[in-house]
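This report concerns only the one structure given below.
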Amino acid sequence: MSAKNYSLGQVGDYEIKQLKVFKSVVDCGGFSAAETALNIGRSTISLHISNLESRLNLVLCKRGRSGFSLTEEGVVIYQMTENLLDSLDAFRTTVNNLNASLTGKLRIALSDKVSLDPRSHFPELIQRFSNEAPEVSITTNVASMSNIERMILNDEADIGFIPYHRKLEGLEYIHLYSDVCYLYCGSEHLLAGMSEQEQDSTADLYPATHAGLKPHEAISNQIARMNMTAVSYFYDSRLALILSGKYIGFLPELYGQPYVEQGKIVKVAEKHRSYTLGVAVICKKSSQPNKPQELFLNLLTQTFQELSAAPY
């Protein structure tokens, strides 16, 4: 489609809208998957992409029976679209933060179960923040620790709540509380009927599930010899594997205890198989003004008047 001496000219709101549709299609891996994310039909999505290709005078993607894929030009346009949209967001954020009143948006990413953990005080924080900044829109997402770190570093999120194994350059950490994680098995698992000594000596022989992340030293010492055959980052899916009776795995005690009380799971070698996992709020080290983020962190500090020391 490309032709010599073609000139794009000015880019307006309509082209930006088409680029956003294009980015969503790429992020979702195809037209069908993007329907839910964009809340528009496949035919409308196809029309947007076709119009964008005509406007740019480029073929951006291949679609058909063989599946969805980007052309070489499409890869370049996707990368430039990411840069453009990030720049627009940064411009919008800076302008909003320079205004006297708090406007704009606050993007929060949380690891699973943190938002409803009473120790996080997340509902109270949202209540106080909304009372003081009613014009700021709040977006929350649930993701894994590594994805939240990436989102913060790439300016895709402003605040992150994570259980953390490490500290990365470029991120600031505010330790909130600590979890003690124990090893569990289903109530019908062979380990459930053994003594604690037998459990400790044989637990490494049974299939186990783990988070799939490089752990800190305290966790590494626990799992180094275990038979880690299943990866499951989120606690719900890890619990499901444990409940199947086929896998053992670590869970925070606060999350596992209700299922222990129901007789569905039991702790394995409780005195020998446990580790401490810290939970923290993270944000990017940046000099760019961000008033919604600053307000949220101030409220967080006020809420956690006596912050406990980090476990590592």
Side-chain angles (χ1 to χ4, degrees), residues 89-181 216 234-235 252-255 257-258 275-312:
D89 279 342
F91 176 79
R92 187 181 300 111
T93 299
T94 300
V95 171
N96 289 334
N97 288 330
L98 292 175
N99 280 292
S101 61
L102 272 170
T103 58
K105 59 185 177 180
L106 180 69
R107 302 162 300 173
I108 305 174
L110 305 103
S111 190
D112 104 281
K113 300 301 178 185
V114 172
S115 61
L116 292 180
D117 190 315
R119 297 169 298 176
S120 74
H121 299 288
F122 187 69
E124 296 94 322
L125 286 167
I126 294 300
Q127 180 185 59
R128 294 182 64 185
F129 180 87
S130 297
N131 286 340
E132 296 199 26
E135 296 184 20
V136 175
S137 64
I138 299 174
T139 301
T140 61
N141 285 303
V142 175
S144 66
M145 181 191 83
S146 56
N147 278 336
I148 293 174
E149 291 171 334
R150 177 190 57 77
M151 291 168 69
I152 297 291
L153 288 170
N154 291 341
D155 294 316
E156 297 171 14
D158 304 303
I159 300 286
F161 284 73
I162 62 169
Y164 64 105
H165 301 168
R166 60 195 176 188
K167 290 190 175 181
L168 299 183
E169 289 294 327
L171 293 179
E172 293 183 355
Y173 292 76
I174 302 174
H175 177 78
L176 301 182
Y177 57 88
S178 299
D179 270 319
V180 179
C181 298
H216 65 76
F234 291 107
Y235 293 142
E253 183 179 30
L254 190 70
Y255 184 53
Q257 188 58 33
Y275 60 83
T276 300
L277 182 64
V279 176
V281 161
I282 61 172
C283 60
K284 186 177 180 180
K285 294 179 180 177
S286 174
S287 58
Q288 183 178 10
N290 187 329
K291 289 185 179 179
Q293 180 196 63
E294 182 180 344
L295 172 61
F296 188 89
L297 292 176
N298 287 339
L299 293 173
L300 179 81
T301 303
Q302 294 170 20
T303 302
F304 287 82
Q305 291 293 331
E306 297 179 359
L307 298 179
S308 58
Y312 38 81

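Quick caveat: nothing in here was measured; it's all calculated off a predicted structure.
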Report summary line: Residues passing the side chain to side chain donor-acceptor pair (under 3.5 Å) test with E169, sequence neighbours excluded, are none
Report task. Determine the minimum heavy-atom distance between F129 and P292, stating which atoms define it. Result -> CE1-O, 3.3 Å
Requested in this report: Quick one: pull up CD1 in I108 and SG in C283 and give me the separation to the nearest 0.5 Å.
Outcome: 12.0 Å
Report summary line: Applying side chain to side chain contact (heavy atoms under 4.5 Å, CB included) to S115 and not counting sequence neighbours gives L110, F122
Query raised in the report: Do I148 and N141 have side chains that get closer than 4.5 Å, going by heavy atoms?
Result: no
Query raised in the report: Listed by chain and number, what are the side chain to side chain contact (heavy atoms under 4.5 Å, CB included) partners of D155, not counting sequence neighbours?
Result: K284
Requested in this report: First locate atom CD1 of I162, then atom CG of N147, and finally report the distance between them rounded to the nearest 0.5 Å.
Outcome: 11.5 Å
Report task. State whether the side chain of S120 and the backbone N or O of D117 hold a donor-acceptor pair below 3.5 Å, judged by distance alone. Result -> yes
Report summary line: For D89, the salt bridge (Lys or Arg N to Asp or Glu O under 4.0 Å) test, sequence neighbours excluded, returns R92, K105
Report summary line: Between the OH atom in Y275 and the OG atom in S178, the distance rounded to the nearest 0.5 Å is 12.5 Å
Query raised in the report: Which residues satisfy the salt bridge (Lys or Arg N to Asp or Glu O under 4.0 Å) test with D112, sequence neighbours excluded?
Result: none
**Report entry** Partner of I159 by side chain to side chain contact (heavy atoms under 4.5 Å, CB included), out of I138, L125, I174, L297
**Finding:** L297
Report task. Sequence neighbours left out, what passes side chain to side chain donor-acceptor pair (under 3.5 Å) with E149? Give chain and number order. Result -> R166
Query raised in the report: With sequence neighbours excluded, what pairs up with A280 under the side chain to side chain contact (heavy atoms under 4.5 Å, CB included) test?
Result: Y164, Y173
Requested in this report: Tell me, please, which residues at least two apart from E172 pass side chain to side chain donor-acceptor pair (under 3.5 Å).
Outcome: none
Query raised in the report: Any side-chain heavy-atom pair from E132 and L295 closer than 4.5 angstrom?
Result: yes
Report summary line: For R107, the side chain to side chain donor-acceptor pair (under 3.5 Å) test, sequence neighbours excluded, returns D158
Report task. Test R119 against every option in D179, L176, V279 by the side chain to side chain contact (heavy atoms under 4.5 Å, CB included) rule and name the one that passes. Result -> D179
Query raised in the report: With a 4.5 Å limit on heavy-atom distance, are the side chains of F296 and I126 in contact?
Result: yes
Requested in this report: Please name the pair of heavy atoms, one in I152 and one in A157, separated by the smallest distance, quoted to 0.1 Å.
Outcome: CD1-O, 3.5 Å
Query raised in the report: By salt bridge (Lys or Arg N to Asp or Glu O under 4.0 Å), which residues pair with E294, not counting sequence neighbours?
Result: none
Query raised in the report: Taking side chain as C-beta onward, heavy atoms only, is R128 less than 4.5 Å from T303?
Result: yes
Query raised in the report: With E124, which residues qualify under side chain to side chain contact (heavy atoms under 4.5 Å, CB included), at least two apart?
Result: H121
Report task. Would you give the length of the straight line joining atom CD1 of I282 to atom CE of M151, rounded to the nearest 0.5 angstrom? Result -> 10.0 Å
Query raised in the report: Does R150 have any salt bridge (Lys or Arg N to Asp or Glu O under 4.0 Å) partners at least two apart in sequence or in another chain, and if so, which?
Result: E156
